[in-house]
Number of protein chains: 2
Amino acid sequence: MSFGEMIARRRRSALDTRASMLNAARQRFLRESYENVGLRDIAKDVGVDVALVSRYFGSKEELFREVLHGSDKADKFQIAVGPEELACYLTAMFDGKEDEEQRENLERLVIVLRSSSSPQAAAIVHEAVHEDVLQPIADVLGGGEEAEIRAAMVLTILLGGAVMRSVMSVGPDCGQGPPPAIRRKLYELFRTALKETPDAAQEGAVEPVA
Amino acid sequence: MSFGEMIARRRRSALDTRASMLNAARQRFLRESYENVGLRDIAKDVGVDVALVSRYFGSKEELFREVLHGSDKADKFQIAVGPEELACYLTAMFDGKEDEEQRENLERLVIVLRSSSSPQAAAIVHEAVHEDVLQPIADVLGGGEEAEIRAAMVLTILLGGAVMRSVMSVGPDCGQGPPPAIRRKLYELFRTALKETPDAAQEGAVEPVA
DNA sequence: ATTGCATGTCAACGGGTGTAGACATAAAAG
DNA sequence: CTTTTATGTCTACACCCGTTGACATGCAAT
């Protein structure tokens with residue numbers, strides 16, 4: 001079969017270089033914002049001309065969309081545990097562990113974070129967060145409005161932690177694995193976010209918030 | 001007195017236009033990232049030529065520094081309450097209230113957030129956060145290492161909340177004042193962040209974090 | 001009225017960007 | 001070997017950017 005062999009004997013395979021581009025782009029978007037990543041940078045990483053990037057992905061926006069959203073495979077936020085162990089699971093995201101799943105989860109958040117303030121990428125990021133991150137978390141929590149709110153609080157901590165880590169170089173650390181004290185507090189924060197709401201005023205302390 | 005009158009009868013006052021530029025710049029940096037804010041945009045807002053912006057501030061970086069860090073006045077993160085009411089105070093930051101102090105605090109965080117991923121602005125942001133935000137919070141908490149950690153956790157929530165609010169349009173809301181349910185959870189998160197650490201394993205639940 | 005300084009404008013430079021079309025080359029098909 | 005198709009390169013466009021130096025204007029002092 002001719003077409004099959006074309007795939008097999010790929011000396012110059014478009015799919016391979018395309019994948020390489022996507023990978024290079026991911027690494028770039030992971031470290032810089034949407035505008036600061038140039039198509040020429042990506043092309044240079046792969047060892048290819050700029051024009052090819054534009055041709056393969058149509059536009060920079062679509063390339064970014066494919067990096068963030070994935071194309072065909074449904075690569076959403078992965079949660080391998082039930083609601084009970086969720087706090088542990090989330091806390092573990094900030095350890096420097098080699099867990100592939102966890103690393104991808106965190107990396108997705110960092111990409112979101114880096115390009116979140118960018119007129120061009122904003123819409124894409126917005127959609128990807130709701131569909132690929134917020135929804136999966138809410139699903140694990142059982143759905144419903146309460147679940148959505150709790151998911152939002154969890155994401156608040158995750159994003160805050162990601163900012164502190166990758167931008168401020170404090171908090172959840174930068175040198176692989178946060179200090180134990182911070183790790184513990186982070187865990188407690190997740191617990192609080194996941195805990196059911198005290199329903200109305202549980203104590204007097206809640207009231208003077210205004 | 002000639003010089004005094006020159007200040008008083010300012011028809012073309014350099015200080016005024018400079019202040020206008022700074023204000024326009026602040027509004028811009030509040031809504032877009034460092035790279036997306038053009039000096040020409042700022043100049044157009046004030047109704048002035050681009051060159052003047054460059055001449056008055058030397059460079060874009062210095063302009064940004066002055067917007068974020070302030071120039072002479074020590075405008076750090078303002079906390080008007082003691083450690084006890086701190087959680088309330090912080091939660092109130094996300095209300096759409098007219099409190100000038102609170103609004104400036106949140107705005108500073110948003111600016112930090114928007115330009116945090118930007119090679120040029122990174123160093124400035126980094127310094128400003130440590131010196132003007134983290135330190136004041138830690139001071140209110142009484143200083144010491146524990147205070148620094150707690151301040152870091154507080155900032156984690158603040159930044160996460162700011163991302164959710166101004167980027168994702170969820171969580172701490174965007175339409176002035178978060179939904180009560182989220183407000184309550186936010187308050188609990190701050191309480192947790194500020195609470196003293198349970199010191200080692202308080203319950204068995206803390207252990208399986210790894 | 002004229003000098004002189006502060007204030008602001010104009011034009012341009014060098015560099016960077018994403019994108020598109022014409023062209024070249026490798027490799028498979030006939 | 002020749003033809004054809006996929007794969008990749010080259011050139012160039014039109015636009016944006018920050019910055020600079022020369023020039024124009026307003027305004028106070030002489």
Side-chain angles (χ1 to χ4, degrees), chain A residues 1-22 24-25 28-29 32-67 115 118-124, chain B residues 1-22 24-25 28-29 32-67 115 118-124:
Chain A
M1 185 196 203
S2 59
F3 183 70
E5 286 190 340
M6 192 185 75
I7 297 291
R9 296 179 187 172
R10 54 198 170 195
R11 308 268 174 99
R12 292 208 314 186
S13 162
L15 287 88
D16 273 13
T17 57
R18 214 190 105 103
S20 297
M21 287 177 187
L22 225 86
R28 289 281 182 178
F29 284 125
E32 300 208 34
S33 68
Y34 180 83
E35 12 263 340
N36 279 312
V37 173
L39 297 190
R40 284 172 174 81
D41 301 330
I42 299 172
K44 197 165 293 178
D45 289 344
V46 182
V48 116
D49 193 273
V50 205
L52 207 60
V53 184
S54 268
R55 259 237 300 276
Y56 275 25
F57 293 95
S59 72
K60 190 183 179 183
E61 290 194 27
E62 291 192 34
L63 168 59
F64 180 73
R65 167 175 284 115
E66 194 152 332
V67 165
S115 297
S118 173
Q120 296 212 57
I124 302 169
Chain B
M1 183 197 209
S2 60
F3 184 70
E5 287 190 336
M6 193 184 73
I7 296 293
R9 298 179 186 173
R10 54 198 170 194
R11 308 265 175 100
R12 294 208 312 184
S13 163
L15 288 87
D16 274 12
T17 57
R18 214 190 104 103
S20 297
M21 286 177 189
L22 224 83
R28 289 280 182 178
F29 284 125
E32 300 208 32
S33 68
Y34 180 83
E35 11 264 340
N36 278 311
V37 174
L39 297 189
R40 285 173 173 82
D41 300 330
I42 298 172
K44 197 165 292 180
D45 289 344
V46 182
V48 119
D49 194 273
V50 204
L52 207 61
V53 184
S54 268
R55 191 111 57 88
Y56 275 25
F57 294 94
S59 71
K60 189 183 179 181
E61 290 193 27
E62 292 193 34
L63 168 58
F64 180 72
R65 165 175 284 114
E66 194 152 331
V67 165
S115 297
S118 171
Q120 295 211 57
I124 302 170

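Letters A, B, ... are given to chains in the order of the sequence lines, protein chains preceding strands, and every chain is numbered from 1. Values reported hereafter were calculated over all heavy atoms of this structure, with side chains retained and with hydrogens, waters and symmetry mates removed.
Ring geometry, A/Phe29 versus A/Phe64: the interplanar angle exceeds 60°, so the pair is classed perpendicular (tilted spans 30 to 60°).
Between B/Leu39 and B/Leu63 the shortest side-chain heavy-atom distance falls below 4.5 Å.
Here B/Thr17 reaches the OP1 or OP2 of C/dG8: one of its side-chain N or O atoms lies under 4.0 Å away. Note on B/Tyr56: every side-chain N or O is 4.0 Å or more away from OP1 and OP2 of C/dT7. Here A/Ser54 does not reach the OP1 or OP2 of C/dA20: none of its side-chain N or O atoms lies under 4.0 Å away.
A distance-only check finds a donor-acceptor pair linking the side chain of B/Lys60 to the backbone of B/Val37 [under 3.5 Å]. With hydrogens and angles disregarded, a donor-acceptor distance shorter than 3.5 Å links the side chain of B/Asp41 to the backbone of B/Gly38.
The side chain of A/Ala51 has D/dC10 as its nearest neighbour among D/dG8, D/dC17, D/dC10. Which of C/dG8, D/dT19, C/dT19 sits closest to the side chain of B/Val48 comes down to C/dG8.
Comparing B/Glu35 and A/Ala14, the nucleotide of DNA chain D nearest to each residue sits closer to the 5' end for A/Ala14. Positionally, the nearest nucleotide of DNA chain C for B/Asp49 lies more toward the 5' end than for the other of B/Asp49 and A/Asp49.
The CZ atom of A/Phe57 sits 15 Å away from the P atom of C/dA20 (whole-angstrom rounding). Rounded to whole Å, the distance from CZ on A/Arg18 to P on D/dG8 is 12 Å. Across the protein-nucleic acid pair, A/Lys60 atom NZ and C/dG16 atom P stand 15 Å apart, rounded to whole Å. Going from atom CZ of A/Arg40 over to atom C1' of D/dT9 covers 13 Å, rounded to whole Å. Between the C1' atom of D/dG8 and the NZ atom of A/Lys44 lies a distance of 17 Å, rounded to the nearest Å. As rounded to whole Å, 17 Å separates atom P of C/dA22 from atom CG of A/Leu52. In this structure, CE of A/Met21 is placed 8 Å from P of D/dT9, rounded to the nearest angstrom. Between the OH atom of B/Tyr34 and the P atom of D/dC17 there is a distance of 13 Å, rounded to whole Å.
Within 4.0 Å of B/Val53, counting heavy atoms only, lies no atom of the nucleic acid at all. Among the protein residues, A/Val37 comes within range of the sugar-phosphate backbone only, with heavy atoms under 4.0 Å from sugar or phosphate atoms but none that close to a base.
Between the side chain of B/Arg55 and the base of C/dT9, at least one donor-acceptor pair of N or O atoms lies under 3.5 Å.
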field: Check against side-chain contact (heavy atoms from CB on, under 4.5 Å), A/Phe57 and A/Arg65
entry: CA-CA 10 Å; A/Phe57 293 95; A/Arg65 167 175 284 115; over 6 Å; no
